[in-house]
Amino acid sequence: TCGHSLQPLLCERLAEGILAWQHEHGPFESTSQLANVAEQVLPDFHAQYPRLCLPQIVFVALRIFLNHEMEQLDSTLEAAFERLEPFGRCVIISFNKWEPVAIRRFIRDHEEPSTSLVDQLHIDRLRA
């Protein structure tokens, strides 16, 4: 992900272009150089997405990757739901556009109760 809800192919094209430039010219020497390369790779980006800033998206994606933010969110959700009492509630506040998608995916993947919980519940409760 680009740290934003952009099309995956657009993110892939951007990543490939940045890596190709780096392979040809060597490591980036400044953040402005990276921002300029990103804008060269996707010159029509601003016209297609006038409300978005491409360099900002690139730097957010790098931060998310380098800080392992997706993995941290997944492990936090796992830990929170392991400690959650049956029929308890968990409130999650998100600030980044990618987080609600990850949270919905986690909840979808964990909709079915664990076998230990099923064993504790009365059969009538499971039918409700």
Side-chain angles (χ1 to χ4, degrees):
T1 183
C2 286
H4 201 280
S5 58
L6 294 178
Q7 299 170 352
L9 289 177
L10 185 66
C11 295
E12 189 174 321
R13 198 169 95 211
L14 177 61
E16 287 173 355
I18 289 171
L19 289 173
W21 187 95
Q22 188 175 23
H23 182 72
E24 185 176 328
H25 297 94
F28 290 98
E29 295 180 11
S30 68
T31 55
S32 61
Q33 186 181 39
L34 175 57
N36 289 336
V37 169
E39 290 177 341
Q40 289 171 15
V41 171
L42 299 176
D44 299 330
F45 182 85
H46 188 68
Q48 293 175 346
Y49 303 94
R51 294 183 174 181
L52 300 179
C53 175
L54 183 58
Q56 180 183 9
I57 291 169
V58 170
F59 294 122
V60 167
L62 286 171
R63 188 201 74 221
I64 290 168
F65 175 78
L66 293 173
N67 293 338
H68 305 281
E69 292 180 20
M70 290 184 164
E71 294 86 354
Q72 287 183 18
L73 177 62
D74 284 340
S75 65
T76 300
L77 290 170
E78 288 282 349
F81 280 82
E82 284 175 11
R83 289 164 180 78
L84 194 63
E85 294 288 326
F87 309 106
R89 295 179 186 196
C90 179
V91 176
I92 303 165
I93 300 172
S94 66
F95 296 96
N96 299 303
K97 291 187 180 274
W98 62 268
E99 290 170 336
V101 173
I103 293 165
R104 281 192 294 274
R105 184 189 69 238
F106 177 87
I107 291 171
R108 216 176 17 254
D109 291 347
H110 294 82
E111 281 180 320
E112 295 299 318
S114 66
T115 54
S116 62
L117 180 61
V118 170
D119 292 342
Q120 295 174 18
L121 296 175
H122 189 271
I123 193 70
D124 293 334
R125 183 68 178 166
L126 290 174
R127 291 185 184 137

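Model, not experiment: these values are computed from the prediction. Note that the numbering runs from 1 along the sequence shown for the chain.
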Within-4.5 Å side-chain heavy-atom neighbours: Arg105 and Asp74: yes

Heavy atoms only: give me the nearest Gln22-Pro27 pair and the separation to one decimal. NE2-CA, 3.8 Å

Nearest 0.5 Å please: distance from the CG atom of Leu77 over to the CG atom of Leu84. 11.5 Å

Considering only heavy atoms from C-beta outward, does the side chain of Val37 approach that of Phe28 to under 4.5 Å? yes

Min side-chain heavy-atom separation Leu73-Ile103 under 4.5 Å: yes

Is there a side-chain contact between Phe45 and Leu10 in this structure, where contact means two heavy atoms from C-beta onward sitting under 4.5 Å apart? yes

Answer with yes or no whether the hydrophobic clustering places Val101 together with Ile107; edges join I, L, V, M, F, W, Y residues whose side-chain heavy atoms lie under 4.5 Å apart. no

Heavy-atom side-chain contact between Leu54 and Leu14 under 4.5 Å: yes

Once side-chain contact (heavy atoms from CB on, under 4.5 Å) is applied, do any residues pair with Ser30, and if so which ones, sequence neighbours excluded? Ser32, Gln33

State, yes or no, whether a side-chain contact exists between Thr76 and Ile92 at a heavy-atom distance under 4.5 Å. no

Co-membership, hydrophobic cluster, residues Met70 and Phe65, 4.5 Å side-chain: no

Shortest non-hydrogen pair, Thr31 vs Phe59, comes out as O-CZ, 3.4 Å

Using side chain to side chain contact (heavy atoms under 4.5 Å, CB included), reason through Leu62 and Leu34 one step at a time and then give a plain yes or no. CA-CA 11 Å; Leu62 286 171; Leu34 175 57; 3.7 Å; yes

Spell out, as yes or no, whether a donor-acceptor pair under 3.5 Å connects the side chain of Gln56 to the backbone of Leu52. no

SG on Cys53 to CD on Glu39, rounded to 0.5 Å: 7.0 Å

If you compare all heavy atoms of Arg83 against all heavy atoms of Ala79, which two are closest, and at what distance to 0.1 Å? NH1-O, 3.0 Å

Residues at least two apart in sequence or cross-chain that pass salt bridge (Lys or Arg N to Asp or Glu O under 4.0 Å) with Arg63, listed by chain then number, are Glu69

As an exercise, state the distance from CD of Gln72 to CD1 of Ile64, rounded to the nearest 0.5 Å. 11.5 Å

Ring-plane angle category for His25 and Trp21, please: parallel below 30°, perpendicular beyond 60°, tilted otherwise. parallel

